[in-house]
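Inspection log for the structure reproduced underneath, given as structure tokens.
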Amino acid sequence: MTRLRAETCNRWEVAVAIAFLMSSPGCAPTSASFSRAFKPAPTDTSQALVDTLMVLPFTDARPFKGRSRVAPGLLAIIPLVPYGHQQISPDRFTGSFPLALVDIVLADLRTSGIARQVLREGDLLPGQVSPVAPYRLHLELKEGVFHRNVTLYGLSVFGTFLWLVGLPVSYGTTELEFGAKLEAPDGKSLGEARFAEKTGATEWLYYPLVPAYTSKLPDTYARVSPRLRSFLRESLTP
């Protein structure tokens, strides 16, 4: 009888360990930078509105910066609690998310036809100047986060068996929000705008967190891209 109880306790310990590991995203960054996955829509650059547009680095104004909140996911282990909500920073998988996002904006605007050349601040060597004084695009990252709802379906650790038969491990969204301010070469403000978008994401046992959520980031930015391009064109059109 004592042996049976010990085996039962061991099973519970294993089940709890599995649930804990599956509800935690881990800390090791990967090469899952979404900058390589975004495919900007090309346009005709022969009718550019300005010669040079300089894109400045993102100011990081996210509430948690590059930090994550994963502990609330463990609430799903409590019986009858349907899920535990986590807020996970993409920085854990893309490296610096603000830097990765600048790469996306540059790739997007270089094919937009808005400017003949789109430069990152610092692209020019010291002592060099752009052929024409550049317009400057200031960017502020308001939010960049994975909202991940880890679910055990109210069954505590026994809910892991539902993962094995094909039910989702988690469901949630990728959220992106940033502000943009355009300045003329003389420093005059030409306009400001704010862009926000969410894309749904679902995680399965065999399609885990990193691909499930990071793969949605290109889609999230792609939905913002037409609005960013329109803002710049309208701001630059006399």
Side-chain angles (χ1 to χ4, degrees), residues 20-41 55-76 83-110 120-122 137-151 168-180 193-229:
F20 175 81
L21 291 172
M22 292 303 297
S23 64
S24 176
C27 298
T30 73
S31 60
S33 172
F34 70 102
S35 59
R36 294 192 302 272
F38 174 68
K39 305 299 181 184
V55 178
L56 278 68
F58 272 93
T59 300
D60 193 350
R62 291 176 292 174
F64 299 107
K65 302 299 190 226
R67 300 187 298 274
S68 301
R69 298 181 66 191
V70 300
L74 295 177
L75 292 174
Y83 63 87
H85 177 245
Q86 297 177 324
Q87 296 184 63
I88 302 172
S89 171
D91 298 68
R92 303 183 73 158
F93 312 109
T94 66
S96 171
F97 184 62
L99 289 178
L101 194 55
V102 168
D103 290 339
I104 289 291
V105 174
L106 286 165
D108 184 19
L109 298 184
R110 282 169 178 164
R120 182 200 310 266
E121 187 180 54
L137 180 63
H138 298 262
L139 299 168
E140 184 178 40
L141 183 58
K142 303 287 188 180
E143 190 59 280
V145 67
F146 303 145
H147 291 286
R148 180 183 185 231
N149 299 307
V150 182
T151 180
V169 172
S170 76
Y171 59 92
T173 59
T174 62
E175 180 180 357
L176 174 64
E177 182 178 352
F178 64 90
R194 195 163 177 164
F195 308 95
E197 193 62 65
K198 293 182 179 181
T199 304
T202 303
E203 175 188 7
W204 315 85
L205 184 61
Y206 306 107
Y207 191 60
L209 171 68
V210 174
Y213 284 79
T214 59
S215 65
K216 297 296 183 180
L217 282 169
D219 298 335
T220 309
Y221 179 82
R223 295 182 181 184
V224 170
S225 171
R227 302 201 298 272
L228 175 61
R229 292 186 179 198

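A salt bridge does not link D91 with K65: none of the charged nitrogens is closer than 4.0 Å to a carboxylate oxygen.
In this structure, the side chains of L217 and F97 come closer than 4.5 Å at one or more pairs of heavy atoms. No side-chain heavy atom of R69 sits under 4.5 Å from any side-chain heavy atom of Q86. With contacts defined as side-chain heavy-atom distances shorter than 4.5 Å, the pair D103/R120 qualifies. Side-chain contact check for E203 versus P168: every heavy-atom pair is 4.5 Å or farther apart.
Between the R223 side chain and the K198 main chain, a donor and an acceptor come within less than 3.5 Å of each other. Distance alone, capped at 3.5 Å, places no donor-acceptor pair between the E175 side chain and the V145 backbone. Remark: side-chain polar atoms of R227 are paired, donor with acceptor, to backbone N or O of A196 under 3.5 angstrom.
Pairing each heavy atom of D60 with each of P98, the nearest pair is OD2-CG, 3.9 Å. Taking every heavy atom of both residues into account, W204 and V169 meet most closely at C-CG2, 3.7 Å. The two residues A76 and V150 come nearest to each other via the heavy atoms CB-O, 3.6 Å. A pairwise comparison of heavy atoms in L139 and V55 identifies CD1-CG1, 3.7 Å as the closest pair. Scanning both residues, A201 and A212, for their nearest heavy atoms gives CB-O, 3.8 Å.
For the atom pair CD1 (I104) and CG (L228), the distance works out to 12.0 Å, reported to the nearest 0.5 Å. A distance of 10.0 Å separates CD in E140 from CZ in F58, rounded to the nearest 0.5 Å. One distance of note links CG of L141 with CZ of R62; it measures 5.0 Å at 0.5 Å rounding. In this structure, T214 OG1 and I88 CD1 are separated by 11.0 Å, a value rounded to the nearest 0.5 Å. The line from OG1 of T202 to NZ of K216 is 7.5 Å long, rounded to the nearest 0.5 Å. From T59, atom OG1 reaches atom NZ of K142 across 9.5 Å, with rounding to the nearest 0.5 Å.
Listed by chain and number, the residues in a ring-ring contact (aromatic ring centres under 6.0 Å, His included) with F146 are Y213 (sequence neighbours excluded). Legend: residues meeting ring-ring contact (aromatic ring centres under 6.0 Å, His included) with H138, ordered by chain and number and at least two apart, are absent.
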Exercise for review: Would you check, one step at a time, whether the test side-chain contact (heavy atoms from CB on, under 4.5 Å) holds for R148 with V70?
Suggested key: CA-CA 9 Å; R148 180 183 185 231; V70 300; over 6 Å; no
Check your understanding: Run the side-chain hydrogen bond (donor to acceptor under 3.5 Å, both in side chains) check on D108 and S225 step by step: do they pass?
Key -> CA-CA 7 Å; D108 184 19; S225 171; 2.8 Å; yes
